[in-house]
There are 2 protein chains.
Amino acid sequence: MAGADSTLRRFVGYDMKRAFNLIQGDVNAVLKPFGLRMVTFSALCVIRDTPGLKQSRLAQILMIERPNLVLILDDLERADLVVRERSREDRRAFELTVTALGAQVCNQAVAAVERHDARMTSGLEGAEVQALHKALRQIELNGRSVNDPSDRSTGPVSPP
Amino acid sequence: MAGADSTLRRFVGYDMKRAFNLIQGDVNAVLKPFGLRMVTFSALCVIRDTPGLKQSRLAQILMIERPNLVLILDDLERADLVVRERSREDRRAFELTVTALGAQVCNQAVAAVERHDARMTSGLEGAEVQALHKALRQIELNGRSVNDPSDRSTGPVSPP
DNA sequence: TTCATTAGTTACATGGCATAACGAAAAACC
DNA sequence: GGTTTTTCGTTATGCCATGTAACTAATGAA
């Protein structure tokens, strides 16, 4: 037999689930020394790159629900990596910024994740990794229009 | 700005998480009419293709822990898609087979997931999808040796 | 002013996945 | 042949990720 899961191997989703599970396990192990998880790391990066970001916008960018973001930010704030500051113009909203420590941890974590990424893509040529990125983004695009036919702009875009 | 998550877009894991979340959402919606989830569908396929399979072996193949498989099989058995039968030679173990209904549902579900797969990979050439499979399998391979340096054969293989 | 909307939050439910520990049966051992 | 060890399926449990509903406070529009 060609492998007990040969039927499933025909599906991109199956290969992707297996690959992603391993990536997630490894990246979480890599981030643990920094006190970060995959989600908190992602949030930290976006906040560092977009100072003054509001929570709702961050939730949009990371495609997570606002309630989930609360605990993520609690986590980052407790670790003194991020601060929430009430917005001057809109006193409902918070503006997010990284602390000095947050910027430093972010740098180191990014470097660690870059090494992790290189490890996981080893054996693949640069062009193959590029093609992988392209294919994944196309799937993301397809997946979005499937879930919301009228969507063409939900994702990360530049602020107005 | 090139996009608020441009730092993260450099990582395969980030693109993959986003793509996979959408795939998972869509495939679960596709499978819902069959009373299946992603995991139960996977188990059903492998059992159909490998009659008489033991639970431990199935857990190995799908890379899930034995305790988790129990509920998955309870689910499939309750839906009358799969039967557990005590093994003649080893009365601790169960041999798994699909029922007639299970085979039928499996066929239809596979067809539905094939359509889903085509939808999610639309816009990509056949060669690009092939390259995607190849890249994902290479990552799976890399991920396994990372987590278990002495591993080269944990995955699905033919029975002795 | 009143009403609808928005930002963040709380509470809660669900599903995925991992570990520890158990009873039963088999295998290994002496 | 009886004892120990291992294996199979199971139970119980907990953690993490994720989603929904409902609340509050503040904003903005009618």
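Naming convention: chains lettered A, B, ... in sequence-line order (proteins, then strands); numbering from 1 in each chain.
In the displayed structure, Arg10(A) atom CZ is contacted under 6.0 Å by at most 12 heavy atoms of other residues, nucleotides or ligands. In this structure, Arg66(A) places its CZ atom where only 12 or fewer heavy-atom neighbours from other residues, nucleotides or ligands lie under 6.0 Å away. Around CZ of Arg137(A), the count of heavy atoms belonging to other residues, nucleotides or ligands within 6.0 Å exceeds 12.
When Arg88(B), Arg86(B), Arg92(B) are each tested for a side-chain hydrogen bond (donor to acceptor under 3.5 Å, both in side chains) with Asp90(B), only one passes: Arg92(B).
The side chain of Arg84(A) contributes an N or O atom lying less than 4.0 Å from OP1 or OP2 of dT9(C). Side-chain N/O atoms of Ser56(B) include one lying less than 4.0 angstrom from OP1 or OP2 on dG9(D).
In this structure, Asp75(B) pairs ionically with Arg37(B), as a charged nitrogen and a carboxylate oxygen lie closer than 4.0 Å.
Straight-line distance from the CD atom of Gln55(A) to the C1' atom of dT6(C): 13 Å, rounded to whole Å. Between the CG atom of Leu71(A) and the P atom of dT20(D) there is a distance of 16 Å, given to the nearest Å. Atom CZ in Arg18(B) sits roughly 12 Å away from atom P in dT18(D) (whole-Å rounding). Atom-to-atom, CD of Gln60(B) to C1' of dG9(D) comes out at 14 Å; the value is rounded to the nearest Å. Taking atom CD1 of Ile72(A) as the reference point, atom C1' of dT9(C) lies 14 Å away to the nearest angstrom. Taking atom CG of residue Leu69(B) and atom P of nucleotide dT10(D), one finds them 8 Å apart after rounding to whole Å. Remark: C1' of dA7(C) and CZ of Arg57(A) are 15 Å apart, rounded to the nearest angstrom. Spacing between atom CG of Leu73(A) and atom P of dA7(C) amounts to 15 Å, rounded to whole angstrom units.
The closest donor-acceptor contact from the side chain of Arg115(A) to the backbone of Val30(A) lies at 3.5 Å or more, if one exists at all.
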Would you list the protein and nucleotides 22-26 of chain C atom pairs, both N or O, that sit under 3.5 Å from each other?
from, atom 1, to, atom 2, distance (Å)
dA26(C), OP1, Arg91(B), N, 3.0

**Request:** Show your reasoning for whether side chain to side chain contact (heavy atoms under 4.5 Å, CB included) applies to Leu44(A) and Thr40(A).
**Result:** CA-CA 6 Å; Leu44(A) 181 62; Thr40(A) 54; over 6 Å; no

**Request:** Start with the C-alpha gap between Asn28(A) and Gln24(A), add the side-chain angles, then the distance that decides, and say whether side chain to side chain donor-acceptor pair (under 3.5 Å) holds.
**Result:** CA-CA 6 Å; Asn28(A) 277 329; Gln24(A) 195 174 34; 5.3 Å; no

**Asked** When every nucleotide of nucleotides 11-20 of chain C is labelled 5' to 3' by its protein contacts under 4.0 Å (heavy atoms), B for base, S for sugar-phosphate only, - for none, what sequence of letters results?
**Response** -----SBBBB

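Among residues two or more places apart in sequence or in another chain, the side-chain hydrogen bond (donor to acceptor under 3.5 Å, both in side chains) test is passed with Gln104(B) by none.
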